[in-house]
Amino acid sequence: ATAVQLWLDYDRDVDEITENLAEIENSYLPPLEASLWAADIVQVRAQLAGILALPDIERLELQLVEDDDVVLGTVVSDSTEEAVWPISHLHRGERVPLGTLHAVAGLDVAADRLAQRIWSVLATNAVKSTVLSVLLVFLLHWLLGRHLARIAAWAQRLDPRGSPTPLALDPRVASRHDELGVLARSIEAMAANMAAARDDVDARAGQLQDEVEARTQALSASNARLTAMLEHWPGATWTVDAGGIVLATAGMLAPVMEG
């Protein structure tokens, strides 16, 4: 849209130059014709000076039939638009040629105005883009970044052996149903689940320790009862190794066996 507007502005400037050339034909040629017919060169030069003062008119050349040419101005533009008008006077029903007027209008001014508008648009867009970028960064930080930083700091403070502290977020954020709200609730739920799982593991470990101690005590009591029973058994028992060597004896007849 901006490029189209710039082209329309340039086209309008060129149209204004064309209108200036048309104004010369419609408004300046009739008086110039009268001055030429009257051979008033001073007036002719004054009229040409007035034409040269029009916007974007750079050079005029009046080629006369019966006098020297009159040239005013210098072409300075690389791009130009020219117009040529023959000048004649109606005398006794016939057209008497008096000369020809050449006008050169420069288009560089229109191109310069276009370039200035382009640079102005680019500078304006650059400023707008910069301001918009800064506002966008600030907005993202306000809406997302600060909450993510708070979540990250909270996660770093989690104690693997302790209970997780509540995630202190803005209630409006924690209750939101967008990605940030879901993320906050998910991380908090994960921490709670990990703490519950750790507590469950600790509880099971305690129960296992109690069971081991109870079974150890029961085994010790059973061994004690077995030993007492063997000591009062009327026979004898003995324990030997793989080589037939007696390792231990028990029972009332153990002394006899040992003897």
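- Legend: residues meeting side-chain contact (heavy atoms from CB on, under 4.5 Å) with Gln47, ordered by chain and number and at least two apart, are Pro31, Leu32, Ser35, Gln43.
- With sequence neighbours left out, Glu61 forms a salt bridge (Lys or Arg N to Asp or Glu O under 4.0 Å) with Arg59.
- One hydrophobic cluster holds both Ile41 and Leu72 under the rule that ILVMFWY side chains link at heavy-atom gaps under 4.5 Å.
- Counting heavy atoms from C-beta outward, Leu29 and Leu101 have side chains that approach closer than 4.5 Å.
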With side chain to side chain contact (heavy atoms under 4.5 Å, CB included) as the criterion, how do His102 and Gln63 come out once you've worked through the C-alpha distance, each side chain's angles and the decisive distance to 0.1 Å? CA-CA 8 Å; His102 295 257; Gln63 297 175 348; 3.5 Å; yes
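- Placement of Trp85 and Val71 in two distinct hydrophobic clusters is found when ILVMFWY residues are connected by side-chain heavy-atom separations under 4.5 Å, directly or transitively.
- Applying the ring pair (Phe, Tyr, Trp, His ring centres under 6.0 Å) test to residues at least two apart or on different chains, the pairs with a partner in residues 17-56 are Trp37-His89, Trp37-His91.
- With sequence neighbours left out, the side-chain contact (heavy atoms from CB on, under 4.5 Å) criterion links Ser79 to Leu107, Asp108.
- The salt bridge (Lys or Arg N to Asp or Glu O under 4.0 Å) analysis of residues 202-214, with sequence neighbours excluded, yields the pairs Arg161-Asp202, Asp200-Arg204.
- Pro97 approaches Val65 most closely through the heavy-atom pair O-CG2, 3.7 Å.
- Within the structure, salt bridge (Lys or Arg N to Asp or Glu O under 4.0 Å) pairs that include any residue of residues 93-104 comprise Glu33-Arg95 (at least two apart or interchain).
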Chi angles and distances behind the side chain to side chain contact (heavy atoms under 4.5 Å, CB included) call for Leu64, Asp68: CA-CA 6 Å; Leu64 299 177; Asp68 295 334; over 6 Å; no
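- The nearest pair of heavy atoms linking Ser77 to Gly106 is OG-CA, 3.5 Å.
- Here ring pair (Phe, Tyr, Trp, His ring centres under 6.0 Å) pairs that include residues 182-213, with residues two or more places apart or in two chains, number zero.
- Minimum interatomic distance between Ala105 and Leu21 (heavy atoms only, all atoms of both residues): CB-CD2, 4.3 Å.
- Between the side chains of Glu58 and Thr80, no donor-acceptor pair is found at a separation under 3.5 Å.
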For Ile87 and Thr100: C-alpha separation, side-chain torsions, deciding distance, then whether side chain to side chain contact (heavy atoms under 4.5 Å, CB included) applies. CA-CA 6 Å; Ile87 303 175; Thr100 302; over 6 Å; no
Only pairs under 3.5 Å count here: list side-chain donor-acceptor contacts from residues 50-57, not counting sequence neighbours, and write none if there are none.
none

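- Legend: ring pair (Phe, Tyr, Trp, His ring centres under 6.0 Å) pairs involving residues 184-226, not counting sequence neighbours: none detected.
- Linking ILVMFWY side-chain heavy atoms closer than 4.5 Å, directly or via other members, places Ile17 and Val104 in two distinct hydrophobic clusters.
- For residues 109-135, no residue pair satisfies the ring pair (Phe, Tyr, Trp, His ring centres under 6.0 Å) rule, not counting sequence neighbours.
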Got a list of side-chain donor-acceptor pairs under 3.5 Å for residues 128-137, not counting sequence neighbours?
{"unit_1": "Ser129", "atom_1": "OG", "unit_2": "Asn125", "atom_2": "O", "d": "2.8"}
{"unit_1": "Thr130", "atom_1": "OG1", "unit_2": "Ala126", "atom_2": "O", "d": "2.8"}
{"unit_1": "Ser133", "atom_1": "OG", "unit_2": "Ser129", "atom_2": "O", "d": "2.7"}

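- For residues 41-55, no pair satisfies salt bridge (Lys or Arg N to Asp or Glu O under 4.0 Å), with sequence neighbours left out.
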